[in-house]
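Side-chain atoms are counted along with the backbone in the values below, which use heavy atoms only and exclude waters and symmetry mates. All values reported here derive from a predicted model rather than from experimental measurement.
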Amino acid sequence: MTGQSTTTTEEVAPVEGTAVASSAVERAVALADDLVGAWGSWSPVMTPDARRVAFVSDRSGTPQVWVQEVVTGLPESAALPRAHHLPLGTPDPVVGLNWAADGRWLGVEVATGGGVRTEVWVVRPDGSDARRIAGGAEAEHAALGPWTRSGHRLVVTLPSAGAGRPTRSFLADPATGRLDPLAEGANTTVLDVSLEERFLVLKDGERGHQFCVAVDRLEDSHFPLLQPGATGSTDRAVLRPAPEGDSGPLWVYLASDVGLARRQLIGLALGPHGFKGEPRALAVRDDAELEGLDADDAGRLLLLVWNCAGRSELELFDTSTHERTPITGMPGQVAADPVLSRDGSSVVLGVEGPRRPRELWHVDVATGAWSRITHAPELPESALVEPELVRFPGRDGLALTGWLYRPHPSSSSSAGSGGPGPAALWLHGGPEAQERPTFNPQHQALAAAGIAVLAPNVRGSSGFGREFVHADDVEKRWDAFADVLAAADHLVETGVADPARIAVTGRSYGGYLVLASLAFTPGVFAAGVDVCGMSDLTTFYRDTEPWIGAVAVTKYGHPERDRALLEALSPLRAVDDVDAPLLVVHGEHDTNVPIGEAHQVVAALRERAEVDESAPPVEYLELAGEGHDYRRADSRRALHAAVVRFLAEHLGPL
């Protein structure tokens, strides 16, 4: 009799279990495909009368510009107005959008070739007269700024093209494409322009140390708005007429943490001949940071968006009385790009959550009523998990948080049944970004496959105060590495994860943390996934965009003065200590973290494998046509499928 005929039930069981696990993995991949196809809408901008909205949507597979009527008060079952696509004549994805104050033009920022380099286009609201006005032939990179308050001209910024070359901003005529010089500096960004184009508010400085300057173009003078040299950053500013009874023809409102523990609302008067009032803290919270700021044209009403441990909270602020009115009932956990209409009557914003992609909603300021403007495809919410906010200490006692996606109860994993099982850490980029309860197909797919996901906010993340965001600067980078280990400790101590079945995954700076964790602390993780991460900080500085490297020195260190530290912090220097299987993913056209960062670590591991049979395997996925952010649906599908299958293989049995 053959060996096959004598196979026992015990011998067959693992094969059946493998088939079940494989089936669960493929169902998880299929779920990721469906979720990627659940297009969303974001970056809304309104006409002056607030009756039409333009926005970015990936409903066609690539982010493009769409325009739609705003109709409120419709029944839940009623059909929404039809959205119209505005073709620009380029297939490249849209990453930014502004509607002129006079309603005649839209300014559009396009990512060329999917990369970090961008162009600025203009187009009429009916889709006519589309043309590129900056980028391409004029420069490798051009950034979209605000329209002037009159709506006649658009701010365009051309970042530094190399050492010793300034960042330059211009006022662009949308009809002719003429660029008139406006301002220049080391890393200048124009935040706002006064109605008569006399005053500007500029942001400059390196990451985490950005300061604001007011410019009087008529007198050709400038002066800092807040305390010079104070630690902190100012990220947003609006210039508006002064409130009734206050000094100065103008007031500037800032979202800043300069000299403060958290980013708050600061206001001060501004006028000719260098007049500047004393800065005042107008709206302060000790449990949240101000992440969004907008104003009506009259300067009577401000829209404030607070980040409270990752969730969004909205308020209206009366500049005369300082009365603060919460906007309640938001149909999601995170607000994206909220804008206040020019007359102060309406708010339009993107809203999303773990079970819903970004949709646009309208809020009537007078009544507080919410109305859906756009919709997204219906999803099987029963197949999706709601993450929980968890808190745990770093290894030095620093308070840390993260979002935990437990395996779906229907999964076959032990973790899905309540016992320790496979798990993955997901580390966000930045490092100043923040993990939030947003719509994330990859996290949901892994949970469906039976793999728990903990997405921590390690030190350096935004949203938790000035000290926290600077707690990983330069020589403190080692402490951020320890936070990754603390997150793994938390998974084990709470019974979520089997200590032998934890993977470390992440993108951009998070991908760098993946490589650092594998190289500097071997034996801790069972697998790793590095998505567009840096493998060597010295080659990153050498090859990245000049303007990116110029602002990174306060975060990572100087490429010359701190070279020894950068070398010590580079995972490539300890690549022979990597002992876990690794998946590396990178976009073909990435110039933020250049693709050489992936090539060199993959090559080093493969060369090692040629002479060492015990070396861990490395897989490499290159996404054609993509840059640092993967904006095409097909690319994201390929990424999620690769991650789910790779982790299922190396963390199994699920």
Where is the tightest heavy-atom contact between [X] and [Y], given as atom of each residue plus distance?
{"X": "His640", "Y": "Ala32", "answer": "CB-CB, 3.9 Å"}
{"X": "Gly625", "Y": "Arg632", "answer": "O-NH1, 2.7 Å"}
{"X": "Ala309", "Y": "Trp403", "answer": "O-CZ2, 3.5 Å"}

Query raised in the report: Do the ring centers of Trp39 and His375 come within less than 6.0 Å of each other?
Result: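 Distance test on ring centres: under 6.0 Å, yes.
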
Query raised in the report: Does the gap between the ring centers of Tyr620 and His586 come in under 6.0 Å?
Result: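 For Tyr620 and His586, the ring centres are not under 6.0 Å apart.
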
Query raised in the report: Between Trp478 and Phe520, how do the two ring planes meet: parallel, tilted or perpendicular, split at 30° and 60°?
Result: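 Ring orientation of Trp478 relative to Phe520: tilted.
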
Side-chain H-bond candidate by donor/acceptor type, [X] with [Y], under 3.5 Å:
{"X": "Thr539", "Y": "Gln600", "result": "yes"}
{"X": "Glu622", "Y": "His599", "result": "yes"}
{"X": "Asp612", "Y": "Ser614", "result": "yes"}

Query raised in the report: Does a side-chain heavy-atom distance below 4.5 Å link Gln333 with Arg355?
Result: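 A side-chain contact is absent here, since even the closest heavy-atom pair is not under 4.5 Å.
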
Requested in this report: State, yes or no, whether a side-chain contact exists between Glu493 and Phe392 at a heavy-atom distance under 4.5 Å.
Outcome: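 Answer no - side chains too far apart.
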
Does [X] come within less than 4.0 Å of [Y], counting only side-chain N to carboxylate O?
{"X": "Arg631", "Y": "Asp629", "result": "yes"}
{"X": "Arg645", "Y": "Glu619", "result": "no"}
{"X": "Asp337", "Y": "Arg358", "result": "no"}
{"X": "Asp473", "Y": "Lys476", "result": "no"}
{"X": "Asp472", "Y": "Lys555", "result": "yes"}

Query raised in the report: Considering the options Glu435, Gln434, His428, which one meets the side-chain hydrogen bond (donor to acceptor under 3.5 Å, both in side chains) requirement together with Asn457?
Result: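 Output: one option passes, namely His428.
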
Query - Approximate separation, where rounding is to 0.5 Å, of Thr505 OG1 and Leu647 CG - result: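 Spacing of OG1 (Thr505) from CG (Leu647) equals 6.5 Å.
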
**Report entry** Pair Leu398-Glu467, side chain to side chain contact (heavy atoms under 4.5 Å, CB included): steps then yes or no
**Finding:** CA-CA 11 Å; Leu398 182 67; Glu467 289 189 8; over 6 Å; no

Requested in this report: Mind running side chain to side chain contact (heavy atoms under 4.5 Å, CB included) on Arg59 and Trp66 for me, showing each step along the way?
Outcome: CA-CA 10 Å; Arg59 60 190 66 192; Trp66 298 77; 3.3 Å; yes

Query - Worked verdict on Val385 versus Arg406 for side chain to side chain contact (heavy atoms under 4.5 Å, CB included) - result: CA-CA 7 Å; Val385 298; Arg406 295 182 182 274; over 6 Å; no

Requested in this report: Please indicate whether Glu386 has more than 12 foreign heavy atoms, meaning atoms of other residues, nucleotides or ligands, lying under 6.0 Å from its CD.
Outcome: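 Atom CD in Glu386 is crowded, with more than 12 foreign heavy atoms closer than 6.0 Å.
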
Report task. List the steps, then state whether side chain to side chain contact (heavy atoms under 4.5 Å, CB included) holds for Tyr405 with Leu384. Result -> CA-CA 10 Å; Tyr405 295 72; Leu384 306 182; over 6 Å; no

Report task. Check each of Leu454, Thr494, Leu491, Leu400 against Val390 using the side-chain contact (heavy atoms from CB on, under 4.5 Å) test, and report the only one that passes. Result ->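 With Val390 as partner, side-chain contact (heavy atoms from CB on, under 4.5 Å) holds for just one option, Leu454.
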
